[in-house]
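In what follows, a structure is listed as structure tokens, so that the remarks can point back to it.
Chain identifiers are assigned alphabetically (A, B, ...) following the order of the sequence lines, protein sequences preceding nucleic acid strands; residue numbering begins at 1 within each chain.
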Amino acid sequence: MTNTAFSTSVLNWYHQHGRKHLPWQQDITPYRVWVSEIMLQQTQVTTVIPYYLRFMERFPTVQALAAAEQDEVLHLWTGLGYYARGRNLHACAKAIVEQHGGEFPRSVDALADLPGIGRSTAGAIASISMGIRAPILDGNVKRVLARFYAVDGWPGSPAVQKDMWDIAERLTPAHSFREYTQAMMDMGATLCIRSKPACGICPLQPDCQGYASGKPTQFPHSKPKADKPEKHTWMLMVRNRDGHWLLQPRPQTGIWGGLWSFPEADSEEQAQQQAQLRFGTQIDQLESLGSFRHTFSHYHLHIHPLRISLNSNPLQIGEAGVHWYNPEQPSELGLAAPVKKLLHLPD
DNA sequence: AACCCGGGGCA
DNA sequence: TGCCCAGGGTT
């Protein structure tokens with residue numbers, strides 16, 4: 001599908017189904033579009049409408065807004081959330097009046113230098129209210145494009161974000177970009193919604209790679225979970241002459257709280273040291289069993305078992321509450337999953 | 001309860 | 001550059 005076919009398709013849809021009666025779509029001026037875009041940044045259309053109407057009634061011009069007390073601006077913002085938007089809006093109005101003669105600068109870059117206006121909002125103001133062809137990439141557009149191209153990777157990452165801006169730029173038509181911009185936002189807001197998108201009535205469906213994948217809602221990919229750190233532990237698998245294993249209770253809190261486990265050490269050296277200290281000459285054989293990985297919700301644990309065979313059956317080794325576990329007649333104890341696995345490892 | 005969102009601010 | 005924050009709404 002060519003870029004032109006894409007935008008034509010989107011524009012046709014807009015003429016039939018797009019939203020054209022929202023308050024900020026009437027009497028289109030940079031000021032009115034700007035206020036609406038800021039309000040719409042993190043807030044849905046239906047929530048914004050009453051705030052927008054009240055705001056416009058009280059501050060019909062950028063001069064009126066610039067002259068207001070911050071308290072009054074924030075009062076009209078109360079309930080919208082993200083109050084930095086309201087403070088930036090006020091600061092931006094002052095900047096426009098004091099530094100730009102009361103007129104919005106007529107370029108995307110100059111707009112984006114103003115407080116609270118980033119690249120996407122600048123693109124929306126320019127393309128909707130100034131006759132300047134400029135792409136936008138708000139959440140709605142991002143979703144439409146990520147699905148259409150089945151974009152891999154999280155759009156928040158710099159590389160993917162750059163790709164998506166390039167796509168947005170490429171697809172923005174030379175003419176009718178005001179309607180196109182509106183249309184893309186409308187499609188994202190009404191058809192290509194986060195869950196249960198209306199692919200059945202979407203004009204882009206025949207060429208949509210997200211639809212073709214069978215799982216359009218997996219795009220855009222969600223923010224990757226924080227990387228799980230890799231941790232290591234050495235487990236001393238101490239076996240007495242009868243083939244029973246030494247277990248000791250874990251603290252009540254933390255990982256495996258209250259379960260039974262092998263004595264542990266933070267390194268191979270410490271593990272050897274601990275073994276020498278506790279069992280010394282009773283050690284018959286000591287062998288590394290290699291390691292395996294156990295995953296928790298928040299980290300990966302590499303477990304390095306160290307099998308230590310004793311030439312005796314120590315009765316008392318100083319610590320209270322240790323347990324000698326007989327795999328032939330397993331006691332009913334709480335065991336961490338990897339510990340249980342190790343206890344029943346074939347020789 | 002988890003997730004979402006444009007831009008600002010800070011390390 | 002990357003990371004965290006803000007808050008109300010949706011799922």
Given that A/Leu114 and A/Arg143 both sit by DNA chain B, which one's nearest nucleotide is further toward the 5' end? A/Arg143

Please determine if a side-chain N or O atom of A/Thr121 lies less than 4.0 Å away from the OP1 or OP2 oxygen of B/dG7. yes

Backbone of A/Gly153 reached by a side-chain donor or acceptor of A/Ser157 within 3.5 Å: no

Please write out the pairs of protein N or O atoms and N or O atoms of nucleotides 9-11 of chain B separated by less than 3.5 Å, giving the distance to one decimal.
none

Test item: side-chain donor near acceptor, A/Thr181 and A/Ser127, under 3.5 Å: yes

Cluster question for you: counting only ILVMFWY and a side-chain heavy-atom cut-off of under 4.5 Å, with indirect links fine, are A/Phe177 and A/Val33 together? no

A/Ile136 atom CD1 is separated from B/dG7 atom C1', nearest whole Å, by 15 Å

Taking the six-membered ring of A/Tyr82 as reference, does the NZ or CZ atom of A/Arg85 fall below 6.0 Å from its centre and within a 45° cone about the axis? no

Aromatic ring centroids of A/His221 and A/Trp154 under 6.0 Å? no

Passing option when A/Trp13 is tested against A/His17, A/Gln16, A/His15 for side chain to side chain contact (heavy atoms under 4.5 Å, CB included): A/His17

Lys/Arg N to Asp/Glu carboxylate O, A/Arg250 vs A/Glu264, below 4.0 Å: yes

Would A/Lys142 count as a cation-pi partner of A/Phe219, with NZ or CZ less than 6.0 Å from the six-membered ring centre and within 45° of the ring normal? no

Say you pick atom C1' in B/dG9 and the same atom in C/dG8; how far apart are they, in whole Å? 22 Å

Rounded to whole angstroms, how far apart are CZ on A/Phe219 and P on B/dC4? 15 Å

Parallel, tilted or perpendicular: which fits the ring planes of A/Phe104 and A/Tyr31, with parallel below 30° and perpendicular above 60°? tilted

Should the ring pair A/Trp256 and A/His294 be called parallel, tilted or perpendicular, given that the plane angle runs from 0 to 90° and is split at 30 and 60? tilted

NZ (A/Lys215) with more than 12 external heavy atoms under 6.0 Å: no

Please tell me whether A/Thr121 and A/Glu37 have a donor and an acceptor in their side chains that are separated by less than 3.5 angstrom. no

B/S/- contact track for nucleotides 4-11 of chain C, protein heavy atom under 4.0 Å: --BBSSSS

Between CD of A/Gln218 and P of B/dC3 the distance, given in whole Å, is 17 Å

Rounded to the nearest Å, what distance is computed from the CZ atom of residue A/Arg119 to the P atom of nucleotide B/dG7? 10 Å

Nearest-angstrom distance from the residue atom CG of A/Leu89 to P of B/dG6: 16 Å

Could you write out DNA chain C as dot-bracket? Rules: Watson-Crick or G-U wobble, both distances under 3.5 Å, brackets [ ] for crossings, | for pairs with another strand, dot for unpaired. |||||.|||||

Separation of B/dC5 C1' from A/Arg85 CZ (nearest whole Å): 9 Å

C1' atom, B/dG8 versus C/dG9: distance in rounded Å? 22 Å

Sugar-phosphate only, base, or nothing, as touched by A/Leu137 at under 4.0 Å among non-hydrogen atoms: nothing

Rounded to the nearest Å, what distance is computed from the NZ atom of residue A/Lys142 to the C1' atom of nucleotide B/dC4? 10 Å

